[in-house]
K.L.:
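The structure follows.
We use all heavy atoms of the structure for the numbers below, so side chains are in, but hydrogens, waters and symmetry mates are not. These figures come from a predicted structure and were not determined experimentally. Lettering follows sequence order; numbering is per chain, from 1.
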Protein chains: 2
Amino acid sequence: MNPSVICPRFEKAMGLLSQRWTGLIIYQLLNGSQRFCTIESSIGISGRLLSERLKELEKQGIVIREVFPEIPVRIEYSLTEKGRSLQPLMKEIEKWSQTWLEP
Amino acid sequence: MNPSVICPRFEKAMGLLSQRWTGLIIYQLLNGSQRFCTIESSIGISGRLLSERLKELEKQGIVIREVFPEIPVRIEYSLTEKGRSLQPLMKEIEKWSQTWLEP
DNA sequence: CTTTCTACTTACTTTATGTAAGTAATTATA
DNA sequence: TATAATTACTTACATAAAGTAAGTAGAAAG
C-alpha cells in the first residue's frame, strides 16, 4: 500500500463510513436516542460488533452513551452534534439510493 | 444476524459505500477517466483489490472500462451516469470532513 | 538482452466480521 | 420457589475480506 494523494480528512471520513455497520448505526440514531437492543434488532447487527462500533463512535465523538440509574438501569445511545451533522450526508445517500438502486 | 428493518435501497447503498476503497475509487474518478496504475497510486490501494473493486463497480453499472487498441494498449476507467450521480454525496462527505475532522 | 511499464493474477498472511454461547443483574411467569 | 426472559454486554472460535509480495505477458527502452 503506497501513500495516497487524496485529502487526509476526506480519507478519514471515508474510513469511518466504510467500516461495516457504522453508517447504519448513525442513520438509525438520527431517529433519536436508542437502546442497545433496539439498534441491534433494527439494523440486524450482532451484539459483538454493535458493542465494538458504539465504543469506536463514542471515541470519535459521534455518539454518546448515557446511563439512567433507574431500576433496572437503562442505557441509551444518541448522536452528538458531530453525529447529527451527518444528516445531510445520510439524506444524500437516501436520495441516491432511491434514484439509482432497486430494492 | 436478524433481518433488518431499514429501507433495503439505503442498505444496499451503504453496503457499496462501506466496502473499503469503493468510495475513494469513485471520488478519484470524479476527476475524469483514469488508468489502472493512476488510480492505484493516487489512493494507495493494491493492484489485487483495485482489480476486484473495478470489476464489482463495472457490474454495478457505476464504472466503465474502455480499451483503446493503440500500441501499447491503453485501458481507461471512468464513471457512468450512475457513477457521476454520486458527486453530491461525495461533496457532502468532503464538506463534513472539512468541518468536523482534523487531518 | 536485461530492465521497465502496464494491467493484471496467484499464493499466502493478517485482520475483520459472523456465529454461538456465556454472564450478571434483575424481572416476569408457572 | 424454580424457571424463563430481558438487557447490555463479553468470550471463543470459524469464516470471509483485506493486505503483501511475487509472478506473468506483451511491448518498449536503454
K.L.:
For B/Trp21 and D/dG19, is the shortest distance between a side-chain N/O and OP1 or OP2 below 4.0 Å?
P.N.:
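Yes, because at least one side-chain N or O of B/Trp21 sits under 4.0 Å from OP1 or OP2 of D/dG19.
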K.L.:
The side chain of A/Pro72 lies closest to which of these nucleotides: D/dC9, C/dT26, D/dA18?
P.N.:
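Of all the options, the side chain of A/Pro72 is nearest to C/dT26.
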K.L.:
Send over the distance from B/Leu49 CG to D/dA17 C1', rounded to a whole Å.
P.N.:
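Taking atom C1' of D/dA17 as the reference, CG of B/Leu49 is at 8 Å.
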K.L.:
Nearest whole angstrom, please: distance from the C1' of D/dA21 to the CD of B/Glu40.
P.N.:
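To the nearest whole Å, that distance equals 13 Å.
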K.L.:
If you only use heavy atoms from C-beta on, which nucleotide in C/dC8, D/dC9, D/dG19 is closest to the side chain of B/Arg65?
P.N.:
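Of C/dC8, D/dC9, D/dG19, C/dC8 is nearest to the side chain of B/Arg65.
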K.L.:
Atom CZ of B/Arg48 to atom C1' of C/dT15: distance rounded to whole Å?
P.N.:
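My rounded result for the distance is 13 Å.
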K.L.:
Please check: side-chain N/O of B/Glu66 versus main-chain N/O of B/Glu76, any donor-acceptor pairing under 3.5 Å?
P.N.:
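Not a single qualifying donor-acceptor pair exists.
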K.L.:
Could you check whether B/Glu81 pairs with B/Arg84 (Lys NZ or Arg NE/NH1/NH2 to Asp/Glu carboxylate O, under 4.0 Å)?
P.N.:
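Looking at B/Glu81 and B/Arg84, the cut-off is not met.
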K.L.:
Is B/Ser51 close enough to C/dT9 that one of its side-chain N or O atoms is under 4.0 Å from OP1 or OP2 there?
P.N.:
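Indeed, a polar side-chain atom of B/Ser51 lies that close.
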K.L.:
Rounding to an integer number of Å, can you tell me how far A/Gln19 CD sits from D/dA17 P?
P.N.:
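Interatomic distance, CD of A/Gln19 to P of D/dA17: 16 Å.
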K.L.:
Can you tell me how far P of C/dA7 sits from CD of B/Gln34, to the nearest Å?
P.N.:
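Answer to the nearest Å: 12 Å.
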K.L.:
Taking CZ from A/Arg74 and C1' from D/dT6, how many angstroms apart are they, rounded to a whole number?
P.N.:
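Distance check: A/Arg74 CZ to D/dT6 C1' gives 15 Å.
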K.L.:
Name the closest nucleotide to the B/Phe36 side chain, picking from D/dC9, D/dA18, C/dC8.
P.N.:
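It is C/dC8.
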K.L.:
A/Tyr77 side chain N/O closer than 4.0 Å to the phosphate oxygens (OP1, OP2) of D/dT7?
P.N.:
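Looking at the OP1 and OP2 atoms of D/dT7, neither is under 4.0 Å from any side-chain N or O of A/Tyr77.
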K.L.:
Counting only side-chain N and O atoms of A/Lys55, is one of them less than 4.0 Å from OP1 or OP2 of D/dT10?
P.N.:
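Result: yes.
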K.L.:
Regarding D/dA17, can its base be found pairing with the side chain of B/Arg20 as donor and acceptor, where the two atoms are less than 3.5 Å apart?
P.N.:
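A donor-acceptor contact between them is absent.
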K.L.:
What integer distance in Å separates A/Leu24:CG from C/dT17:P?
P.N.:
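To the nearest whole Å, that distance equals 13 Å.
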K.L.:
Run the salt-bridge test on A/Glu56 and A/Arg53 with the 4.0 Å N-O cut-off and return the result as yes or no.
P.N.:
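Not counted as a salt bridge, because no side-chain N and carboxylate O are separated by less than 4.0 Å.
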K.L.:
Between B/Gln98 and B/Glu94, is there a side-chain donor-acceptor contact under 3.5 Å, judged purely by atom types and distance?
P.N.:
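Their side chains do not contain a donor-acceptor pair, so the 3.5 Å distance test is not met.
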K.L.:
Counting any heavy atom closer than 4.0 Å, what does A/Arg35 reach on the DNA or RNA strands: base, sugar-phosphate only, or nothing?
P.N.:
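Sugar-phosphate: the residue A/Arg35, judged by heavy atoms under 4.0 Å, touches backbone atoms but no base.
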K.L.:
Check the distance between C/dT26's C1' and A/Glu70's CD and give it to me in whole angstrom.
P.N.:
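That distance rounds to 14 Å.
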K.L.:
Between D/dT20, C/dC8, D/dT7, spot the one nearest the side chain of B/Ser46, thanks.
P.N.:
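When the side chain of B/Ser46 is considered, D/dT20 is the closest of D/dT20, C/dC8, D/dT7.
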K.L.:
Which atom names give the shortest non-hydrogen contact between B/Tyr77 and B/Leu29, and what distance separates them?
P.N.:
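Looking at all heavy atoms of both residues, the shortest contact is O-CD2, 3.4 Å.
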